[in-house]
Q: 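This structure is in structure tokens; I'll ask about it shortly.
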Amino acid sequence: AELAAALAQVELVLQRGARFWTASGAHDKGLAVERLRQRLTRELGEPPLLYGLGDTYNDAAMLAAVDVPFLVQRPDGTWADLAVEGLERLEGIGPAGWCRGANLILAAGR
């Protein structure tokens, strides 16, 4: 908490990842998704359907910003406790879960 407060004084945010904590500016993966959505909407003439795969806390903003969010199991077999609407938890730790998510996306044909 002290580190987060100190970083906030210099306009940095402390975020928990799968194995490490990171300090970054006032941006996150969710903002990146929104910028991607805006650009693709301009180029395509309509909003795209966006999927997202993540496995930990620093993926929460990204998963909240996509249309179809998938959460992959962590190495200990649990899932990060994320409050993201419509979140689908995928069986499979690490690469097995990521592969399952990719196959679901490809099977959707979008």
Side-chain angles (χ1 to χ4, degrees):
E2 289 180 42
L3 179 58
L7 289 170
Q9 291 178 359
V10 291
E11 299 180 12
L12 293 174
V13 177
L14 185 64
Q15 281 194 316
R16 181 177 175 186
R19 295 184 305 175
F20 303 103
W21 289 81
T22 59
S24 62
H27 56 275
D28 58 31
K29 295 177 184 182
L31 178 60
V33 167
E34 289 306 323
R35 289 185 177 167
L36 177 64
R37 182 186 305 275
Q38 290 169 2
R39 182 172 183 158
L40 289 173
T41 299
R42 279 193 314 271
E43 291 178 8
L44 300 172
E46 63 183 353
L49 180 64
L50 299 177
Y51 293 82
L53 287 157
D55 66 349
T56 193
Y57 302 98
N58 66 352
D59 295 320
M62 171 195 61
L63 294 171
V66 299
D67 302 300
V68 184
F70 293 109
L71 188 63
V72 175
Q73 280 179 299
R74 297 186 296 185
D76 65 1
T78 64
W79 288 274
D81 185 23
L82 304 181
V84 174
E85 188 175 329
L87 186 65
E88 184 174 340
R89 287 170 173 77
L90 299 175
E91 295 285 337
I93 294 171
W98 292 91
C99 185
R100 184 179 307 271
N103 285 331
L104 287 169
I105 294 166
L106 293 171
R110 298 181 190 203

Q: For residues Leu49 and Phe70: do they belong to one hydrophobic cluster (side chain heavy atoms under 4.5 Å, members Ile, Leu, Val, Met, Phe, Trp, Tyr)?
A: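 Yes, Leu49 and Phe70 fall within the same hydrophobic cluster.
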Q: To check you understand the geometry: which heavy-atom pair defines the closest contact between Ala23 and Leu7, and what is its length?
A: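 So the two residues come closest at CB-CD1, 3.8 Å.
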Q: Say you draw a straight line from OG1 of Thr41 to CG of Leu36; how long is it, rounded to the nearest 0.5 Å?
A: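 If we round to the nearest 0.5 Å, Thr41:OG1 and Leu36:CG are 9.0 Å apart.
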Q: Take a 6.0 Å sphere around CD of Glu43 and say whether it holds more than 12 heavy atoms from other residues, nucleotides or ligands.
A: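 Counting neighbours around CD of Glu43, more than 12 heavy atoms of other residues, nucleotides or ligands fall under 6.0 Å, so yes.
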Q: Could you tell me which non-hydrogen atom of Leu40 sits nearest to which non-hydrogen atom of Pro48, and how far apart they are?
A: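 Here Leu40 and Pro48 meet closest at CB-CG, 3.8 Å.
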Q: Are Leu3 and Val13 linked, directly or through other ILVMFWY residues, by side chains that come within less than 4.5 angstrom of each other?
A: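 No; Val13 is not reachable from Leu3 via cluster members.
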Q: Report the C-alpha separation of Leu53 and Ile105 in whole Å, then their side-chain angles, then the decisive distance to 0.1 Å, and conclude whether the side chain to side chain contact (heavy atoms under 4.5 Å, CB included) test is met.
A: CA-CA 10 Å; Leu53 287 157; Ile105 294 166; 4.3 Å; yes
Q: Quick one: pull up CD in Gln38 and CD in Glu34 and give me the separation to the nearest 0.5 Å.
A: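 Interatomic distance, Gln38 CD to Glu34 CD, rounded to 0.5 Å: 6.5 Å.
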Q: Asp55 and Leu71: which non-hydrogen atoms are nearest, and at how many Å?
A: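 For Asp55 and Leu71, the tightest heavy-atom pair comes out as CA-CD1, 3.8 Å.
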Q: Looking only at heavy atoms, which two atoms of Gly54 and Asp59 are closest? And how far apart?
A: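 Where Gly54 meets Asp59 most closely, the heavy atoms are CA-OD2, 3.3 Å.
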Q: So, the side chain of Arg37 versus the backbone of Ala65: is there a donor-acceptor pair under 3.5 Å, distance only?
A: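 Between the backbone of Ala65 and the side chain of Arg37 there is a qualifying donor-acceptor contact (under 3.5 Å).
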Q: If I compare all heavy atoms of Trp21 with all of Leu14, which pair ends up nearest, and what's the gap?
A: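 In terms of heavy atoms, the two residues are closest at CE3-CG, 3.6 Å.
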Q: Identify all side-chain donor-acceptor contacts of residues 82-103 below 3.5 Å with residues at least two apart in sequence or on another chain.
A:
unit_1, atom_1, unit_2, atom_2, d
Arg100, NE, Glu91, O, 2.7
Asn103, ND2, Cys99, O, 3.3

